[in-house]
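Atoms within each ligand, like the ligands themselves, are counted from 1 in listed order.
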Amino acid sequence: MAEIIDGKAIATKIRSQLLIRANEFENRYGRKVGLAVIRVGSNPASAVYVRNKIKACNECNIRSLSYELDENVKSEQLVELIHTLNADAQVDGILVQLPLPKHIDERAVLAEIDPKKDADGFHAVNAGKLFLGEKDGTVACTPRGIIELIKSTGVPIRGKHAVVVGRSNIVGKPVAAMLLANDATVTVCHSRTVNLKEITLSADILVLAIGKSKFITADMVKPGAIVIDVGMNRDENGLCGDVDFDGVKEVAGYITPVPGGVGPMTVAMLLCNTVDGAVHE
Ligand code: NDP
């Protein structure tokens, strides 16, 4: 029976350490660490995510500046706001909540954020630094949280076979790069992978970022493996992960629940990135 990795508890601990760092920053520089959060349009899920991020900022003594732009805002107006925030010395991190409305080119907008203020770590400069092994970039929040969860088990990553299912720019690819940087032997799988089960069965560390409810079943998991479930899917019973939790927990050594696993770590790492950015100025 697997040990449950309690992402909520680990995130709470990280946030209490961040509060201390944010207080120290304020005492030293006479201002609070600042995070600007931009939301465009009325996507209800985005509204919930932004609300949670702002609440988390408040709890960690980080000043949040919230910008809510109309659904029909022009790309140029959004870019202008980003340039203003880039130049604002009170702002240490900038986050543009995704997805943006269809008429806006997400990549072009994200490219305008000063890489030093890129709290989400999605800027090409920061993604590039991660892949080049340069340590001074900002790492995307979810992958950073995943590595913390794996490390919380106390099992060394070095030399292990890590299998990542999913190759998105925000989860799969960066987490694979981080596992490699931690000396794992890494295999990345995707929708065109042949014999997926054969590969997942050989994983000491299995990271699932697929977006398909309960896709990974007990017969696909090596006994004793560390299983990190990034998936956030809604089915008839509410929120569930990419892993069939009830079955897989009987086989795995460690497993993250959904909710209460990777999700809380993503927000905690956003705050970490913001405080790190402020301190390194
Ligand atoms: P994407 O849709 O961008 O990527 C999904 C990946 O899964 C793709 O690489 C795709 O392959 C692969 N895939 C799809 N079907 C299969 C299959 N049958 N076999 C193997 N691989 C498959 O998703 P994201 O990376 O953005 O998100 C993944 C999940 O994680 C979602 O549920 C999302 O909600 C959740 N998420 C959770 C976060 C959190 O904080 N907890 C943060 C971010 C995401 P291909 O490239 O070939 O299409």
(message) Against Gln97, only a single residue in Glu68, Arg39, Lys53 fulfils side-chain hydrogen bond (donor to acceptor under 3.5 Å, both in side chains); can you say which?
(response) Lys53
(request) Take atom OH of Tyr67 as the centre, draw a 6.0 Å sphere, and report whether it contains more than 12 heavy atoms from other residues, nucleotides or ligands. (result) yes
(request) Among Ile, Leu, Val, Met, Phe, Trp and Tyr joined by side-chain contacts under 4.5 Å, find the other residues sharing a cluster with Met220 and list them by chain and number. (result) Ile4, Val163, Val165, Leu196, Ile199, Leu206, Leu208, Ile210, Phe215, Ile216, Val221, Val227, Val243, Phe245, Val248, Val251, Ile255
(request) Say whether Tyr49 and Leu95 are linked into one hydrophobic cluster, either directly or through other cluster members, by side-chain heavy-atom distances under 4.5 angstrom. (result) no
(message) A quick test of your reading: do over 12 heavy atoms of other residues, nucleotides or ligands sit less than 6.0 Å from NZ of Lys129?
(response) yes
(message) Please tell me whether Ile94 and Leu78 are part of a single hydrophobic cluster in this structure, the criterion being side-chain heavy atoms less than 4.5 Å apart.
(response) yes
(request) For ligand 1, would you mind listing the residues that have at least one heavy atom less than 4.0 Å away, ordered by chain and number? (result) Thr142, Val165, Gly166, Arg167, Ser168, Ile170, Val171, His190, Ser191, Ala209, Ile210, Gly211, Lys212, Phe215, Val230, Gly231, Met232, Asn233, Val262, Gly263, Thr266
